[in-house]
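Remember, it's 1-based here, ligands and their atoms both numbered in the order they're listed.
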Amino acid sequence: MCDNRCGINVFVENGSIVEITGLKEHKWNNGRLCVKGRLGVDLVNAPDRILTPLKRTESGWQEIGLEQAYDEIAEKIKTIQSRWGERAMSVWKGEALGFLTQEALYRRFIHAVGSPNYFSNDSGCYVGRWMGYAIVTGDWATQDFLYSKCAIIWASNPPYSQPNLTQSIFKGREKDGKLIVIDVRLSAIARQADEFVQILPGTDGALALGIARQLIEDDTIDHSFIDNHSVGFIEYSLYVREFTPERVEKETGVAAARVVSLAREIGGRRPKVSIYAGNGLEQHENGINNIRAIACLDGLLGNFDHQGGNFNAEKPKFRDLTLYSEKPLRHLGPIGADKYPVLYDVRQECHTMTAMDTLLTEKPYPLKGMILAGANPVLTNPNSGKVVKALKALDLFVVRDLFMTETAELADYVLPAATFLENSEFHCHPIHQTISLSKKIVSFQGCDTEFIFLKKLAEKLGKGEYFPWKDAEELNRWMLQGTGIKYEEVLAHPEGLEYAPRRYQKYKEEGLPTKSRKFEFVSEYLRDCGYSYLPEYIAPAYVRSPNPEYPFVMVTGARKVFYTHGRNRNFKRCITAIPHAEIEIHPSDAETLGIGTGDMVTVTSVVGSINIPVKVVGNSEILPGVTQVTHGWRESNINLIIPDDRNDPVDGFPLMKAVEVKIEPMVKHETENE
Ligand SMILES: Nc1nc2c(c(=O)[nH]1)N[C@H]1C(S)=C(S)[C@@H](COP(=O)(O)OP(=O)(O)OC[C@H]3O[C@@H](n4cnc5c(=O)[nH]c(N)nc54)[C@H](O)[C@@H]3O)O[C@H]1N2
Ligand SMILES: Nc1nc2c(c(=O)[nH]1)N[C@H]1C(S)=C(S)[C@@H](COP(=O)(O)OP(=O)(O)OC[C@H]3O[C@@H](n4cnc5c(=O)[nH]c(N)nc54)[C@H](O)[C@@H]3O)O[C@H]1N2
Ligand SMILES: [Mo]
């Protein structure tokens with residue numbers, strides 16, 4: 001249900017799940033479990049769960065049998081593909097589906113039916129950080145917080161987003177470790193920090209370059225690593241010279257003296273420095289380069305692939321379920337690959353925002369069918385108004401979900417899905433280099449797993465040979481072939497089976513997994529693709545060219561404990577605790593606007609307006625002029641006013657974390673009674 005994949009105990013009474021607790025023996029969560037995990041009970045047993053396929057008819061939703069639904073969908077796919085070509089079909093995998101097997105199965109399915117058009121939530125999540133790090137180091141490093149002397153949490157709030165990561169951060173700190181948090185807001189983790197650095201949204205690259213400049217000037221850098229294992233240090237060190245403490249203060253709002261002391265604190269604790277880059281760094285127009293600038297610090301500090309630093313975890317060598325090597329379809333023009341070639345070339349991701357334009361314009365070619373599973377883009381993708389129009393333009397729109405979501409309401413067919421407790425699949429913890437296998441605990445008649453759904457549909461489309469496994473167990477056994485790990489052995493270790501012992505400084509023998517086999521302070525690859533080869537800093541638009549009409553800068557999406565994006569609003573215990581969206585505003589701004597907590601305001605961007613209740617936060621919680629709104633609400637859907645056409649040029653991510661807005665007290669229309 002979540003990429004943290006905590007070990008859990010599931011208690012069953014009379015065939016029903018009654019409680020979920022944390023598995024004590026599991027190395028990642030050590031018996032702990034967050035609210036979301038416990039809410040698995042509410043999820044599986046939800047009274048409003050869809051258990052029968054629904055078909056849109058002129059007189060509303062009609063319940064139909066599963067077999068009939070699959071037959072009709074298969075026929076419609078055939079019609080679409082024979083009329084418009086195979087690439088007119090697409091799939092969209094959301095955040096609720098697993099990233100190991102389920103993602104690979106959707107990629108496999110769409111290639112099996114001849115289309116390269118695989119979309120996912122990763123057009124706005126994770127890939128930005130992965131790519132930023134991968135360009136520099138070949139992979140996104142894992143943090144060795146347990147042994148770290150300096151944990152830096154940069155634009156992330158683990159107590160809310162990954163509670164069990166917080167455990168290892170605090171354990172590491174017990175042994176003379178420091179916790180530094182760099183965030184726009186005084187978040188839950190910032191409150192616990194030794195140092196909280198409050199920064200202006202989207203300016204993190206300037207701070208990273210300024211820290212680098214100071215580290216070099218103080219000569220607290222690892223010369224041996226730089227000389228033997230990196231490329232581009234000279235060009236990079238020349239570039240960072242521009243980022244004097246004074247310049248950094250101007251760009252970021254962080255005092256010049258603080259930049260220096262921060263660099264000294266970090267430099268003094270190297271190489272045991274672990275940096276975690278959060279979602280707050282992505283979703284900016286210069287996000288990739290800001291993340292690259294942060295990743296470059298690893299090359300200076302010598303913490304790269306070092307105990308107590310950041311290390312490239314080894315991955316289990318599962319057999320590849322995707323068909324990218326067997327059946328590459330790059331030549332068919334995956335949607336978005338022309339605009340964002342790096343996104344496609346390094347991650348094989350098509351671009352969801354471009355897909356919305358394609359649906360509305362049929363350019364560069366018609367996209368007519370989509371199967372969407374475990375996602376709710378009407379609440380989670382930018383420019384939701386356009387998302388609704390675009391999804392309505394599909395000839396065939398199939399949604400697999402547990403509930404009638406805002407997105408499912410637009411579908412031609414809504415198919416009941418199986419939850420994570422109704423499926424058996426592998427889970428991997430790179431930090432401990434362990435895998436485990438979850439067990440199918442319950443099942444509901446008519447709720448197929450994603451695997452069984454895709455298998456049955458592929459068979460009906462004459463592509464059954466791509467899904468030869470009769471059930472999840474056969475599939476899981478197949479994936480393990482070649483790893484040297486026995487299925488039974490994984491089963492015997494629910495706490496996680498180590499697939500490879502932790503090794504540090506692997507680059508000394510093997511090189512780094514980058515193109516040059518070295519740590520890349522500059523990227524020839526990006527230069528060849530037409531981008532800056534330096535981790536170039538470009539100030540966000542609200543700083544570069546402020547628009548007086550939109551004087552506030554809005555950050556969105558800070559996680560809340562009870563909710564995952566648009567999920568859980570149908571659970572009583574959540575909605576009672578946090579009943580509605582809110583916009584966080586600094587007290588001085590509230591005073592100027594003449595508003596207080598609970599008042600309604602209208603928030604407007606160039607895209608549109610929404611109405612939303614106010615929460616006036618404490619003086620130090622947010623900077624004046626900065627505001628925050630968490631997404632995922634049907635009423636006050638913030639993505640209605642987020643632009644979808646202001647994207648990072650490298651990874652295509654939308655600008656969601658530095659949007660210019662104006663805020664006004666809501667005008668009450670007395671006559672409004674429709
Ligand atoms: N403004 C703004 N927008 C954002 C963000 C932000 O920070 N700001 N963050 C973005 C990020 S990082 C992400 S990852 C995306 C996530 O966006 P989405 O991928 O749309 O994810 P969710 O909204 O969590 O939707 C998951 C859906 O899956 C359903 N579901 C739950 N369990 C299952 C299951 O087992 N099987 C199936 N088939 N369905 C299931 C749920 O009912 C829900 O409708 O949102 C993005 N949107
Ligand atoms: N409860 C819960 N947990 C979740 C999720 C959820 O929806 N709910 N979603 C899951 C998903 S898909 C993801 S991607 C992860 C995300 O997990 P995290 O990366 O931890 O994301 P957040 O908790 O939103 O924390 C992001 C922080 O970045 C700050 N921030 C925003 N913009 C900037 C900026 O420009 N610079 C700096 N320095 N800080 C900035 C925000 O104030 C916020 O405190 O969480 C996962 N876990
Ligand atoms: Mo995400």
Side-chain angles (χ1 to χ4, degrees), residues 1-4 34-36 43 46 49 92-98 102 120-126 128-129 153-163 165 181-190 197-204 207 252 276-284 287 290 372-382 384 399-408 415-423 447 449-450 453 540 553-568 570 584 622 626 628-632 637-639 642 654 656-659:
M1 76 177 314
C2 152
D3 206 36
N4 271 246
C34 78
V35 175
K36 289 176 291 169
L43 181 81
R49 217 180 129 171
W92 181 323
K93 179 227 67 112
E95 165 66 20
L97 299 191
Q102 298 190 52
S120 85
N121 56 300
D122 284 345
S123 285
C125 174
Y126 172 80
R129 287 171 283 166
I153 305 299
W154 205 318
S156 169
N157 186 21
Y160 289 10
S161 62
Q162 328 189 41
L165 183 70
V181 173
I182 303 169
D183 204 294
V184 165
R185 295 155 55 248
L186 183 69
S187 63
I189 190 83
V197 182
Q198 197 162 27
I199 190 169
L200 287 167
T203 65
D204 302 86
L207 179 61
T252 66
Y276 181 76
N279 183 242
L281 297 167
E282 312 176 295
Q283 306 172 340
H284 284 290
N290 289 347
L372 176 141
N376 190 4
V378 170
L379 294 189
T380 56
N381 250 49
S384 315
V399 170
R400 291 184 52 79
D401 206 295
L402 309 170
F403 306 109
M404 184 52 79
T405 63
E406 294 72 11
T407 303
L415 299 177
T419 67
F420 67 110
L421 297 169
E422 295 152 48
N423 186 23
C447 298
T449 61
E450 303 305 323
F453 161 69
V553 56
M554 180 179 70
V555 171
T556 67
R559 292 348 182 210
K560 302 280 181 202
V561 179
F562 289 170
Y563 297 121
T564 303
H565 311 292
R567 285 182 249 174
N568 300 4
N570 51 337
E584 296 168 19
I622 204 162
V626 183
Q628 199 288 131
V629 176
T630 300
H631 62 296
N637 171 10
I638 198 63
N639 280 318
I642 295 210
M656 290 178 150
K657 300 226 191 289
V659 181

If you measure from each non-hydrogen atom of [X] to ligand 1, which part falls under 4.0 Å: side chain, backbone, both or neither?
X	answer
N639	side chain
I642	side chain
A418	backbone
M1	neither
A417	side chain

Can you name the atoms of ligand 1, numbered from 1 with element, that are less than 4.0 Å from a heavy atom of [X]?
X	result
L97	36 (N), 37 (C), 38 (N)
T419	35 (O)
T405	44 (O)
F403	42 (O)

Checklist entry - Does the distance from a Lys or Arg side-chain N to an Asp or Glu carboxylate O, for E95 and R559, drop under 4.0 Å? => result no
Checklist entry - At the 4.0 Å heavy-atom cut-off, does P382 count as touching ligand 1? => result no
Next on the checklist: Against ligand 1, does K93 come closer than 4.0 Å with any heavy atom?
Outcome noted: no
About how many Å separate [atom2] of [Y] and [atom1] of [X], when rounded to the nearest 0.5 Å?
X	Y	atom1	atom2	answer
N121	W92	CG	CH2	9.0 Å
D204	W154	CG	CH2	6.0 Å
L43	R567	CG	CZ	8.5 Å
K560	K36	NZ	NZ	14.0 Å
C34	Q162	SG	CD	10.5 Å
L379	H565	CG	NE2	11.5 Å

Next on the checklist: Please evaluate residues H631 and N639 with respect to the criterion side-chain contact (heavy atoms from CB on, under 4.5 Å), reporting the C-alpha separation (whole Å), side-chain torsions for both, the decisive distance (0.1 Å), and the verdict.
Outcome noted: CA-CA 7 Å; H631 62 296; N639 280 318; 4.0 Å; yes
Next on the checklist: Would you say N637 and S384 are linked by a side-chain donor-acceptor pair, where the criterion is simply a distance under 3.5 Å?
Outcome noted: yes
Checklist entry - Considering only heavy atoms, which protein residues lie less than 4.0 Å from any atom of ligand 2? => result K36, E95, C125, R129, W154, A155, S156, N157, Y160, S161, I182, D183, V184, R185, S187, I199, P201, G202, D204, G278, N279, G280, H284, V555, G557, A558, R559, K560, V561, Y563, T564, H565, K657
Item to check | E406: salt bridge (Lys or Arg N to Asp or Glu O under 4.0 Å) partners, not counting sequence neighbours | outcome: R634
Checklist entry - Is it true that atom OH of Y276 has more than 12 heavy atoms of other residues, nucleotides or ligands lying nearer than 6.0 Å? => result yes
